[in-house]
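Hydrogens, waters and symmetry mates play no part in the numbers below; they use all other heavy atoms, side chains included. Quantities reported herein were computed from a predicted structural model and do not represent experimental measurements.
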Amino acid sequence: MLDIKQIRANPERVREGLTKKGAQVALEELLQTDARRREQLGRVETLKSRRNKVSEEVGRLKKAGKDSETLTQEMREVGQEIKALDEEIRGLQTRLEEQLLNIPNLPHESVPLGPNASANQEVRRWGSPPRFDFPAKAHWDLGVDLGLLDFERAGKISGARFTLYRGPGARLERALINFMLDLHTGEHGYTELFPPYMVNRETMIGTGQLPKFEEDMFRVANNGFYLIPTAEVPVTNIHRDEILKEEDLPLYYTAYTACFRAEAGAAGRDTRGLIRQHQFNKVELVKFARPDHSYAELESLTRNAEEVLKRLGLPYRVVLLCSGDMSFASAKTYDLEVWLPSYNDYKEISSCSNFEEFQARRANIRFRPAGGGKTEFVHTLNGSGVAVGRTVAAIMENYQNPDGSITIPEALRPYMGGLTRITGPK
RNA sequence: GGAGAGAUGGCUGAGGGGUCGAAAGCGCUCGCCUCGAAAGCGAGUAGGUGGGUAAGCCCUGCCUCGUGAGUUCGAAUCUCACUCUCUCCGCCA
């Protein structure tokens with residue numbers, strides 16, 4: 001959420017930022033609502049002030065045994081006025097909040113200007129795509145041929161965009177989760193969390209999924225809970241409505257969760273294989289940082305995610321998203337894209353963002369400066385560290401051998417019971 | 001799912017219509033004392049949002065005692081609904 005004060009004081013700058021992001025927002029209407037609210041608030045506060053004073057006086061008169069009927073009568077009328085004004089203000093407030101919740105974050109000044117993914121900037125590359133002197137297979141063929149992935153039975157028990165992992169395939173998924181968590185907790189200083197997968201509406205609003213993206217979310221029919229689309233949602237919200245100590249910042253959390261996405265608008269894209277699923281696994285990194293450190297924290301968070309791919313020996317590149325390609329809540333985003341032979345291209349496997357105070361304002365997450373003084377909003381960041389299903393796909397495809405087997409990356413072997421190669425169904 | 005109890009400031013915990021945004025204790029901060037520390041003594045110590053002032057650790061309005069509504073001139077205090085926590089019972093991996 002943007003700061004209404006900023007919008008009020010600097011509507012042109014906000015408009016400019018929104019344009020960069022490609023958002024259409026009726027700022028005039030918002031400002032009108034705000035002005036009216038402030039005007040009526042001034043009125044009602046004057047009335048309340050008077051009522052408070054007179055009520056005190058009534059108390060004194062009663063104690064002294066004197067008559068207070070005139071004042072009481074007058075205040076009855078003032079009370080009616082206050083009630084009417086309060087009601088109007090409540091209505092204005094609700095409308096204002098609705099509008100604010102639907103305005104996206106503004107891009108940071110270092111974000112390149114552009115309308116869509118074509119304007120994204122490659123920042124760096126690591127490794128080089130493998131050259132195969134045999135017909136390379138896509139992971140959906142490798143996985144099925146080796147008995148690791150069963151899309152047909154997943155379709156039977158659930159439906160499209162679900163996968164059943166089997167044998168070493170299932171173990172590979174589990175091994176990756178453990179490998180990633182061990183790396184981030186053991187070497188990168190993150191605290192491991194295991195949060196609920198179902199959350200309430202306030203939590204979804206806190207991180208920015210709602211109210212705008214209702215159709216992308218799964219909702220549980222009989223109690224209104226939402227299935228989390230990413231661990232970012234529960235983990236960022238653990239400090240909702242809290243005032244943190246400055247000396248406790250930055251806070252680093254990592255969590256493995258399943259993630260659930262309806263992806264209403266994505267029908268027809270990435271229909272084969274593990275790339276786009278209704279349920280997938282992800283290890284997430286979340287940070288709470290002081291505002292003046294958040295961009296340094298974004299760099300290190302991105303490096304932490306990259307380290308996963310390096311250790312697995314997967315070629316990747318880092319892309320700085322342009323203003324028009326960034327998500328609703330983000331001020332700056334680096335995508336990590338892993339090389340996928342079946343796409344003959346790099347494919348997103350992690351998205352690392354600084355939300356500045358956009359989420360903190362929605363979720364009311366603040367800190368008190370060490371020297372005392374006014375509370376400030378923290379900056380929140382997160383990034384995938386990394387998406388597990390896509391990593392499985394990348395390993396299968398990049399580590400495939402001419403005989404259709406798959407070599408296990410060395411870093412993963414301890415997690416695979418020493419297995420070095422997946423050769424086929426028993 | 002059933003029955004009961006509860007929700008107050010960083011924490012414990014009083015207050016049950018009128019100078020209560022709130023006793024007391026703990027904690028914390030500052031000062032005194034000390035070579036230093038502890039103890040002791042003194043002072044301060046919730047959040048939000050407006051206004052005043054050139055600005056402020058200065059003055060000031062309004063709101064907040066789980067949330068929302070109601071009664072009243074006036075609500076932490078009375079009424080209703082909801083949420084959450086705890087205890088017991090039932091069910092359950």
Side-chain angles (χ1 to χ4, degrees), chain A residues 1-9 30-101 194-206 210 219-220 222-226 234 237-249 251 258 288 357 359-378:
Chain A
M1 189 158 63
L2 301 183
D3 185 357
I4 182 66
K5 278 187 258 179
Q6 298 275 337
I7 301 175
R8 208 186 285 144
L30 180 107
L31 288 168
Q32 268 173 27
T33 310
D34 176 55
R36 173 76 180 166
R37 188 189 79 93
R38 281 158 54 81
E39 198 184 317
Q40 298 301 67
L41 201 58
R43 273 199 194 119
V44 80
E45 283 187 3
T46 309
L47 290 177
K48 283 180 178 174
S49 173
R50 181 133 155 271
R51 182 176 68 180
N52 287 343
K53 286 211 181 72
V54 173
S55 289
E56 233 174 85
E57 178 63 19
V58 169
R60 265 195 293 275
L61 287 174
K62 286 216 165 165
K63 209 175 250 175
K66 292 183 185 160
D67 176 62
S68 57
E69 187 51 39
T70 325
L71 291 178
T72 305
Q73 181 59 40
E74 191 192 334
M75 284 309 103
R76 246 193 286 272
E77 282 160 30
V78 170
Q80 291 305 308
E81 265 184 84
I82 289 175
K83 200 173 167 187
L85 278 172
D86 269 345
E87 228 158 274
E88 187 192 345
I89 291 165
R90 214 178 359 256
L92 292 166
Q93 176 77 36
T94 305
R95 213 165 84 214
L96 199 60
E97 256 161 40
E98 262 167 30
Q99 294 177 82
L100 281 172
L101 285 175
F194 195 85
Y197 289 4
M198 293 194 281
V199 298
N200 57 38
R201 191 174 169 82
E202 292 72 56
T203 296
M204 293 288 272
I205 289 173
L210 294 183
R219 187 166 187 202
V220 181
N222 65 354
N223 57 23
F225 285 134
Y226 291 87
N237 276 279
I238 63 176
H239 292 304
R240 191 169 79 227
D241 292 320
E242 289 184 18
I243 298 173
L244 306 169
K245 291 192 199 133
E246 179 173 6
E247 51 268 37
D248 290 342
L249 298 178
L251 291 166
F288 298 81
E357 56 176 55
Q359 293 181 327
R361 189 178 294 282
R362 288 173 161 247
N364 194 28
I365 308 168
R366 295 166 293 169
F367 72 98
R368 189 176 304 287
K374 276 186 88 78
T375 56
E376 292 177 45
F377 288 109
V378 301

* Asked: Tell me: CZ of A:Arg50 to P of B:rG74, nearest whole Å?
  -> 13 Å
* In whole angstrom, give the distance that lies between atom CD1 of A:Ile82 and atom C1' of B:rU72. => 13 Å
* To do: May I have the distance from A:Ile89 (atom CD1) to B:rG48 (atom P), rounded to whole angstrom?
  => 21 Å
* Over all heavy atoms of both residues, which pair between A:Asn364 and A:Phe377 is shortest? Give the atoms and the distance, please. => OD1-CE2, 4.0 Å
* **A:Glu81 bridged to A:Arg43 by N-O distance under 4.0 Å** => no
* Asked: If anything within 90° of 0 is syn and all else is anti, what is B:rG50?
  -> anti
* To do: Can you tell me the distance, in whole Å, between the CD atom of A:Glu202 and the P atom of B:rU67?
  => 14 Å
* **Nucleotide B:rC11, atom P - distance to CD of A:Glu242 in whole Å** => 11 Å
* Atom CG of A:Leu47 and atom CD1 of A:Ile82: how far apart are they, to the nearest 0.5 Å? -> 5.0 Å
* Complementary nucleotide of B:rU53, counting Watson-Crick and G-U pairs under 3.5 Å -> none
* Specify the separation, in whole Å, of atom CG of A:Asn52 and atom P of B:rA75. => 8 Å
* Structure fact -> 5'-most contact on RNA chain B (nearest-nucleotide basis), A:Arg90 vs A:Arg366, goes to A:Arg366
* **Of A:Arg37 and A:Lys53, the one whose closest RNA chain B nucleotide lies more 5'** => A:Arg37
* To do: Rounded off to whole Å, could you give me the CG-to-C1' distance for the A:Asn364 and B:rG48 pair?
  => 9 Å
